[in-house]
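Note that the structure is a prediction, hence the values are computed from the model and not measured. Residue numbers start from 1 in every chain, and the chains themselves are labelled A, B, ... in the order their sequence lines are given, proteins ahead of strands.
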There are 2 protein chains.
Amino acid sequence: MDKSQIAQKLSGFYMFSELQPSQIELLANGTRLVDIPRGGRLFNRGDKAHGFYLLLEGQIKLGVISPQGDEKVIGLIQPGESFGEAVLFLERSFPVYAQTTLDSKVLLITREAIFDILDNDVTVVRRMLAAISARNRQLVNDIESISLQNSTQRLIGYLLQISADSPNPERVQLPANKLTIASMLNLTPETLSRVMLRLSNAGLIEVNGKEIVITNVAGLRNFE
Amino acid sequence: MDKSQIAQKLSGFYMFSELQPSQIELLANGTRLVDIPRGGRLFNRGDKAHGFYLLLEGQIKLGVISPQGDEKVIGLIQPGESFGEAVLFLERSFPVYAQTTLDSKVLLITREAIFDILDNDVTVVRRMLAAISARNRQLVNDIESISLQNSTQRLIGYLLQISADSPNPERVQLPANKLTIASMLNLTPETLSRVMLRLSNAGLIEVNGKEIVITNVAGLRNFE
DNA sequence: TTCAAAACTTGATTCGAGTCAAGAAATAAT
DNA sequence: ATTATTTCTTGACTCGAATCAAGTTTTGAA
């Protein structure tokens, strides 16, 4: 992928869509493409940040691992989404690791390049603030559901959310394997499996691998 | 409190410490003082944001309440700290309520005033980004400890943290009542009480109401 | 200063979800 | 196509923390 293709990808990204070609070119000069095969690490917890990332293809899992080796998935990044912004503005290292779950292509937008743009473009500033704020909101929601909902409510909430985001709300596709989904929902795989069985038996969903058919949205929303 | 006193408070706040007097004055014109007695609500979940807040005196509890009435405290704001920034940059309402736990004085820095400054001052932009990013980091830490640590580890982590932030690390003061501390740590008050008793019995801490003497820091860090 | 309300503690018991184990199904590698 | 490996499911059992209950202490309001 050459510079002009990188520039094209950058200008197609929401945060930079208002920038002039000359500014995009500047940004592209401070951006590099990173190719990582499935299962590879983009960075580890504790690594210093050299910039922030824009996922072009594949999928990235952000997570933490306890001293006992237990893993918790904090977020799942899809193509077109950026991540790692927040670390840039603190003199700190990454609090999470980033690992691909599919062969992936990522743009690394270096610190210097983005700081330069931020100093000169009000729109990018706003959108950067909005991006970090949105992540913030998501984290608050996650804390709320971990703290105040039981396993069934968390799964239902998650299914309804991905259903709402889907073009075909009755038939959704889990975006990752069930181990990862379980970890995002703060469940063990065993519990996820059992809760899905309960919802199936209640006639609310049908599960075929990663495909979930929501047969009764209202029932799902009001379950228990 | 008149305009010049508000201006003085604003210029003493880290985020605005580099601003010129003329800019501070502009900001002060878009700022108002809010006085709220102990137990009062500054805003509720779902309220539209008119700006962000700087706590001058007192204490503010940020939290959520489940449909079943269970409460979860997400954050505790101390004098000199700001909050509510993230909501400003999303076209959304507050995901949490804000309630005083002491008689409090708060500055409300209105949307228009801060946006105006953000468009004209690079330092404030950086510090705003840093402030929201720091909150982000805290939230990730919270999710990590809720997800991967047991009740004892969470309390120990919390005590070590407030001890590290304290001028007198051996003798710390809980910043709120135990019900609030318990909720922040995702514990019931009963469990908090029992865990404190266990740590006391193990000779690691001494508890006298809100005052905790950490008699054995290393032991506390390596407990279990 | 008194007293009512709120906060905290302690004990007994329950329960949701985790753990351990073993097998089935799906996926990837050869 | 076959096999190895990973992922997923199901069952039996355990356990950490919640709940329920009752008493004590602290706090703040009249």
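Across dC8(D), dA18(D), dG18(C), the shortest atom-to-atom separation from the side chain of L179(A) is found for dC8(D).
Side-chain nitrogen and oxygen atoms of S193(B) include none within less than 4.0 Å of the OP1 or OP2 phosphate oxygen of dC8(C). Residue S151(A) places at least one side-chain N or O closer than 4.0 Å to OP1 or OP2 of dA17(C). Within the 4.0 Å cut-off from OP1 or OP2 of dG18(C), at least one side-chain nitrogen or oxygen of T191(A) is found. Under 4.0 angstrom from either OP1 or OP2 of dG16(C) there lies no side-chain N or O belonging to N150(A). Within the 4.0 Å cut-off from OP1 or OP2 of dA6(C), not a single side-chain nitrogen or oxygen of K178(B) is found.
Judged by distance alone with a 3.5 Å cut-off, no donor-acceptor contact links the side chain of R194(B) to the base of dG16(D).
Within 6.0 Å of CD on Q161(A) lie more than 12 heavy atoms contributed by other residues, nucleotides or ligands. Within 6.0 Å of the CZ atom in R111(A), the count of heavy atoms belonging to other residues, nucleotides or ligands exceeds 12. In K48(A), the NZ atom is not crowded: 12 or fewer heavy atoms of neighbouring residues, nucleotides or ligands sit closer than 6.0 Å.
The distance from atom CG of L187(A) to atom C1' of dC8(D) is 15 Å, rounded to the nearest whole Å. Straight-line distance from the CG atom of L102(A) to the C1' atom of dA28(C): 14 Å, rounded to whole Å. Taking atom CG of residue N186(B) and atom C1' of nucleotide dA17(D), one finds them 11 Å apart after rounding to whole Å. Residue M196(B) contributes atom CE, which lies 16 Å from atom P of dA7(C) at whole-angstrom precision. Atom CD in E190(A) sits roughly 11 Å away from atom C1' in dT7(D) (whole-Å rounding). Spacing between atom CG of L197(B) and atom C1' of dA17(D) amounts to 16 Å, rounded to whole angstrom units.
Aromatic ring orientation, F43(A) versus Y53(A): tilted (interplanar angle from 30° to 60°).
Nucleic acid contact for L192(B): none, since no nucleic acid atom lies under 4.0 Å from a heavy atom of the residue. Using a 4.0 Å heavy-atom cutoff across all strands shown, D70(A) reaches no nucleic acid atom at all.
A salt bridge does not link D103(A) with R38(A): none of the charged nitrogens is closer than 4.0 Å to a carboxylate oxygen.
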